[in-house]
Peer 1: 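Could you have a look at this structure, given as structure tokens, before my questions?
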Amino acid sequence: MANIPDKPTLDGIESHWVAQWDADGTYRFDASVPREQVFSIDTPPPTVSGSLHMGHVFSYTHTDTIARFQRMRGKAVFYPMGWDDNGLPTERRVQNYYGVRCDPSQHYVEGFEPPFRGDPPKNHHAIPVSRPNFLELCDELVELDEQVFEELFKRLGLSVDWSHHYATIDERSRRASQRAFLRNVARDEAYSQEAPTLWDIDFRTAVAQAEMEDRERPGAYHKIPFARTDGPPGESGTIEIDTTRPELLAACVALVAHPDDERYQPHFGTTVTVPLYGQQVEIRAHELAQPDKGTGIAMICTFGDTTDVTWWRELNLPLRAIIGRDGRMLPDAPDDVDADAYASIAGLTVKQAQKAVVEQLDEQGLLIGEPRPVQHPVKFYERGDRPLEIVTSRQWYIRNGGRDPELRAALVARGAEVTWHPGHMQHRYDNWVEGLNGDWLVSRQRFFGVPIPIWYPLDDVGEPRYDEPLIPDEADLPIDPSTDAPAGYSEDQRGQPGGFVGDPDILDTWATSSLTPQIAGGWEEPGDLFERVFPMDMRPQGHDIIRTWLFSTMTRSHHEFGCAPWRHAALSGWILDPDRKKMAKSKGNVVTPMELFEKYGTDAVRYWASSGRPGVDTAYSEDQMKVGRKLANKLLNVTKFVLQFGAPSDDRSLDDGVTDPIDRSMLAKLDAVVVEATEAFEAFDYARALERTEAFFWWFCDNYVELVKGRTYDESRSEAADSAKRALRAALSTVQRLLAPILPFATEEAWSWWHDTSVHGAPWPTPLTADGTFGDPGLADVPIEVLTRVRRAKTEAKRSQRAVVDSLVITAPPEVHAALETGRADLVDAGSIHDLEVLDGAELGVEVTLAADT
RNA sequence: GGGCGCAUAGCUCAGUUGGCUAGAGCGCUUCCCUUACAAGGAAGAUGUCGGGGGUUCGAGUCCCUCUGCGCCCACCA
């Protein structure tokens with residue numbers, strides 16, 4: 001047992017205890033216990049290529065408090081850590097760090113050495129490397145990044161078992177990802193299809209519904225006349241449409257109005273001529289057309305937006321694609337479109353084409369009035385800089401209920417199997433699932449990621465036969481179809497007629513991270529870990545990724561296991577600037593977590609994080625950290641104070657040994673706090689548990705300890721002093737354990753002064769005695785109220801709290817006389833009172849006569 | 001347009017099935033070196049519980065309604 005320091009301090013305790021916990025394996029998961037005794041956590045893998053910010057500190061602290069609580073409750077806590085290094089951010093980081101780029105057409109080079117390690121010169125041209133080589137470099141870089149992250153997370157005090165970690169691009173993750181995908185394919189839960197797809201022209205990849213976002217962009221309505229092919233000449237023979245995308249006139253395949261719109265009912269079924277390009281298009285009716293938008297009749301182009309796709313599909317319209325995957329107008333005019341007119345925009349970007357088309361319309365008098373500027377929402381890839389376009393391409397999809405009401409209902413029902421914290425977050429999930437309008441697009445036209453583990457045979461003329469994919473054996477996973485050949489073929493048949501070709505695409509990063517329970521739990525890997533941890537107990541995450549990570553994990557678990565992947569989903573809020581805006585990472589003045597750990601101590605930062613209620617956006621507040629530091633500091637000091645009295649003279653039970661009713665009253669109060677804090681933690685409400693515990697703790701220090709201090713010192717009354725010592729030590733032990741999940745460092749430090757083992761392995765406190773045995777929890781409040789009034793009198797007299805009270809006359813109702821008599825000796829000590837008299841009165845009142853100033 | 005959340009002291013927030021005089025911390029003011037703690041302690045002031053209506057013996061709490069703020073989704077010619 002370590003000695004109590006003369007001057008307790010929080011400084012430097014983090015590094016000491018991090019090292020000690022590492023050495024002792026304090027947080028090691030016991031993989032031998034059965035599922036019922038395990039508490040398993042589906043930790044969110046942070047993106048390694050970024051940096052950790054206060055948002056991470058905030059939400060990871062929440063999870064850690066729950067993990068620590070469950071551990072103290074006796075559960076074997078499975079708390080792994082993952083790193084998300086799959087996807088665009090890592091791809092960029094590896095490129096910029098090593099001066100290479102991923103090119104799956106390259107051959108693997110054994111023992112490849114990158115041209116640079118860190119900061120290639122600006123004029124360096126990235127050299128192409130094969131995907132396996134790129135992955136090796138990624139592994140290398142991720143290891144560096146991970147060390148930084150691990151250090152910070154340890155400093156934050158996360159009770160993670162660091163022997164269970166994964167990276168979303170590592171071999172085990174690739175194997176799990178490919179296996180899960182192939183099983184989806186085998187069960188027809190995944191399929192490939194040629195279809196219009198939202199497309200980012202800069203990243204040159206398809207984008208899923210969940211990754212889109214709206215941004216307000218300026219645009220302009222252009223009013224354009226379409227001449228009726230068989231109608232009368234002149235004004236009555238034209239239909240006017242409003243469009244914000246005149247550059248798509250060449251892609252126009254129909255006009256559409258609402259079936260009930262009387263203005264256009266006579267025209268349904270007739271044809272008009274598209275200005276400039278001359279193609280004939282029919283006027284059609286569809287409910288999605290809005291009579292109050294523009295002129296009430298719209299042109300349908302292939303494709304200007306997602307509504308065009310719906311119309312195109314439901315009205316069986318022809319395809320006139322003009323936008324290429326690079327965002328430029330295709331070189332050749334579509335069918336029936338005037339080739340000469342089209343030639344003037346071929347090859348232009350969308351923006352350039354719009355300008356050209358508007359000029360041409362204007363010159364030919366085909367623009368009615370001036371364009372009318374509007375601000376309107378436009379769809380973007382969340383990482384993209386230019387609006388999404390829609391192109392037709394072959395993609396892989398996983399069924400998620402977007403096209404199947406039955407599956408959708410099943411997934412909503414899965415959501416109801418999970419307990420949500422806070423409960424209203426379930427609405428967001430339901431809302432998203434019910435609003436889906438297509439299956440989950442999982443293929444991406446990028447190079448870095450988990451390859452789609454499929455090849456296609458080539459026919460006699462070298463065309464892929466997509467309907468007969470070549471599937472690898474599960475035992476061979478992970479594979480890379482860009483370098484591995486399918487069974488029955490040799491590498492020299494790649495790309496040859498009669499040979500094979502690998503699927504060029506990779507899986508969406510969510511397609512892998514949707515499997516974190518499987519990856520972390522060792523699904524289908526040797527050993528029985530998975531059955532001990534799955535379904536997991538807890539999925540902590542931000543509420544902004546319910547539609548992506550949470551929903552996709554649910555979908556994969558539903559398909560593979562027919563159950564929800566976890567029992568509880570705990571959603572964290574965001575950190576807000578003090579001015580209540582979402583804290584922007586881009587802001588230069590944002591402090592780093594490490595600076596705050598050093599300035600206030602880790603526990604203080606954790607205190608701030610823990611004061612944010614579950615799911616509630618919380619203001620960043622260094623003031624709260626100061627309060628947390630005070631709390632941690634107080635804990636050390638009160639521990640020192642209590643322990644200095646030494647142990648009581650015998651080891652009687654609390655019920656026998658705590659004889660003073662004042663002491664018993666304090667313990668009764670504490671028991672109620674234990675019950676409340678336990679209930680709160682079981683409901684994942686760390687903030688409530690903290691609040692209750694903290695309120696008791698300050699009351700305990702400021703009032704109870706002050707009241708009984710003198711008695712505890714008093715060696716002439718050993719029985720009474722022993723009662724206080726017993727009560728103080730019992731309360732201290734309980735409070736240290738109640739605060740351990742929130743303030744792991746200060747509690748461990750204070751605990752170590754009188755224990756040989758970690759507080760984090762200690763049992764979570766239970767009420768010290770059966771209900772009611774300690775008597776009235778309010779009893780101590782009566783003398784404490786008197787003491788407060790005495791203090792007030794001294795303060796008002798501008799005297800020291802040490803000033804002697806010559807005489808204290810208390811008037812009190814008869815029912816509290818007993819309590820006052822019980823506390824009489826303590827009161828006299830604590831208030832330095834010479835003479836104390838209690839009189840009858842209707843209300844509590846005190847009359848304080850201070851001794852003359854000396 | 002649909003859904004969800006929030007509104008309590010200058011600030012950040014507690015206030016659970018309705019129940020004594022609405023609380024805490026920060027900040028502010030005053031006092032105090034007191035042998036656990038001056039990076040501390042003691043004390044004080046501060047409220048139309050967003051507005052209106054209703055249920056009730058009783059409403060910050062329940063119901064209706066309005067206002068403001070935020071988020072998610074849909075629409076986006």
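Each chain gets a letter, A, B and so on, in the order its sequence line appears, and its residues count up from 1.
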Peer 1: For A:Leu643, which contact category applies under a 4.0 Å heavy-atom criterion: base, sugar-phosphate, or nothing?
Peer 2: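 Contact class for A:Leu643: none.
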Peer 1: Measure OH/A:Tyr607 against P/B:A24 and give the value in whole Å, please.
Peer 2: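 Nearest whole value for this atom pair: 14 Å.
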Peer 1: In whole Å, I'd like the distance from the CZ atom of A:Arg792 to the C1' atom of B:G44.
Peer 2: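 Computing the A:Arg792:CZ to B:G44:C1' distance gives 9 Å.
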Peer 1: Which part of the nucleic acid, if any, lies within contact of A:Ser621, taking any heavy atom under 4.0 Å across all strands shown: a base, the sugar-phosphate backbone alone, or nothing?
Peer 2: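 Since no nucleic acid heavy atom lies under 4.0 Å of A:Ser621, the category is nothing.
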Peer 1: Which residues pass the ring pair (Phe, Tyr, Trp, His ring centres under 6.0 Å) test with A:Phe303, sequence neighbours left out?
Peer 2: A:Trp312
Peer 1: How far, in whole Å, is B:C57 from B:G51 if one measures between their C1' atoms?
Peer 2: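 Their C1' atoms lie roughly 26 Å apart.
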Peer 1: Looking at A:Glu694 and B:A14, is any side-chain donor or acceptor paired with a base atom of the opposite kind under 3.5 Å?
Peer 2: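 There is none.
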Peer 1: Would you call A:Glu694-A:Arg692 a salt bridge at under 4.0 Å N-O?
Peer 2: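 Here A:Glu694 does not pair with A:Arg692 in a salt bridge, since their nearest N and O are not under 4.0 Å apart.
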Peer 1: Could you check how far CZ of A:Arg613 sits from C1' of B:A24, rounded to whole Å?
Peer 2: 12 Å
Peer 1: Select from A:Lys630 and A:Met299 the residue whose nearest nucleotide in RNA chain B is closer to the 5' end of that strand.
Peer 2: A:Lys630
Peer 1: Would you mind telling me which of B:C71, B:C73, B:C75 lies closest to the side-chain atoms of A:Arg547?
Peer 2: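 The listed nucleotide nearest to A:Arg547's side chain is B:C73.
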Peer 1: Using the P atom on both, measure B:G27 against B:C66 and round to a whole Å.
Peer 2: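 Between the two P atoms, the distance is 42 Å.
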Peer 1: Over how many whole Å does the gap from A:Arg629 atom CZ to B:C37 atom P extend?
Peer 2: 17 Å
Peer 1: Any idea which of B:C76, B:C32, B:C37 is nearest the A:Glu706 side chain?
Peer 2: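 Nearest to the side chain of A:Glu706 among the choices is B:C37.
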Peer 1: Just to be sure I follow the notation: if a pair is Watson-Crick (purine N1 to pyrimidine N3 plus N6-O4 or O6-N4) or a G-U wobble (N1-O2 and O6-N3), each under 3.5 Å, what dot-bracket string does RNA chain B give, with | for pairs to another strand?
Peer 2: (((((((..((((.....[...)))).(((((.......))))).....(((((..]....))))))))))))....
Peer 1: For the side chain of A:Glu691, starting at C-beta, report the closest nucleotide among B:A14, B:A43, B:A36.
Peer 2: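 The listed nucleotide nearest to A:Glu691's side chain is B:A14.
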Peer 1: Do the two ring centres, one from A:His427 and one from A:Trp420, sit under 6.0 Å apart?
Peer 2: no
Peer 1: Identify whether any heavy atom of A:Ser611 sits under 4.0 Å from a base atom; if not, whether one sits that close to sugar-phosphate; answer base, sugar-phosphate or nothing.
Peer 2: nothing
Peer 1: Just how far, in rounded Å, is C1' of B:C37 from CD1 of A:Ile4?
Peer 2: 14 Å
Peer 1: Under 4.0 Å, heavy atoms only, any strand: does A:Arg215 hit a base, just the sugar-phosphate, or nothing?
Peer 2: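 No contact.
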Peer 1: So, A:Asp663 and A:Arg711, do they make that salt bridge, N to O below 4.0 Å?
Peer 2: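 Yes, charged N to carboxylate O under 4.0 Å.
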Peer 1: Using the P atom in both, what is the distance from B:C69 to B:U8, to the nearest Å?
Peer 2: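 It works out to 15 Å between them.
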Peer 1: Measure from CZ on A:Phe641 to P on B:A36 and round the result to the nearest Å.
Peer 2: 5 Å
Peer 1: Thinking salt bridges, do A:Lys626 and A:Glu622 make one under a 4.0 Å N-O criterion?
Peer 2: no
Peer 1: Can you check whether A:Val274 reaches A:Phe226 side chain to side chain, under 4.5 Å on heavy atoms?
Peer 2: yes
Peer 1: Is A:Asp781 paired with A:Lys669 through a side-chain N to carboxylate O contact shorter than 4.0 Å?
Peer 2: yes
Peer 1: RNA chain B: A:Asn633 or A:Ala289, which has the more 5' nearest nucleotide?
Peer 2: A:Asn633
Peer 1: Rounding to a whole Å, what distance do you find between A:Asn437:CG and B:C73:C1'?
Peer 2: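 So the CG-C1' distance, A:Asn437 to B:C73, works out to 11 Å.
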Peer 1: Treat primed atoms plus P, OP1 and OP2 as sugar-phosphate and everything else as base, then score nucleotides 1-9 of chain B 5' to 3': B for base contact with protein heavy atoms under 4.0 Å, S for sugar-phosphate contact only, - for none.
Peer 2: -BSSS----
Peer 1: Ring centroid separation for A:Phe645 and A:Tyr713, is it under 6.0 angstrom?
Peer 2: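 Ring centres of A:Tyr713 and A:Phe645 closer than 6.0 Å.
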Peer 1: Please measure how far the P atom in B:C62 lies from the corresponding atom in B:A14, and state the result in whole Å.
Peer 2: 15 Å
Peer 1: Please determine, for the side chain of A:Cys701, which listed nucleotide (B:A36, B:U34, B:C76) has the closest atom?
Peer 2: B:A36
Peer 1: Tell me which nucleotide among B:C73, B:C26, B:C76 gets nearest to the side chain of A:Trp432.
Peer 2: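 The nucleotide sitting nearest to the side chain is B:C73.
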Peer 1: Considering every strand and a 4.0 Å limit on heavy-atom distances, what is the contact class for A:Thr307: base, sugar-phosphate, or nothing?
Peer 2: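 If one applies the 4.0 Å heavy-atom cut-off, A:Thr307 turns out to touch the sugar-phosphate alone, with no base involved.
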Peer 1: Between A:Lys630 and A:Asp603, is the closest basic N to carboxylate O distance under 4.0 Å?
Peer 2: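 Answer for the salt bridge query: no.
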Peer 1: Looking only at atom P, what distance separates B:G47 and B:G10, rounded to whole Å?
Peer 2: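 To the nearest whole Å, 8 Å.
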Peer 1: Tell me the closest heavy-atom pair linking A:Cys252 and A:Ala254, and the distance in Å.
Peer 2: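 Distance-wise, the nearest heavy atoms are SG-O, 3.6 Å.
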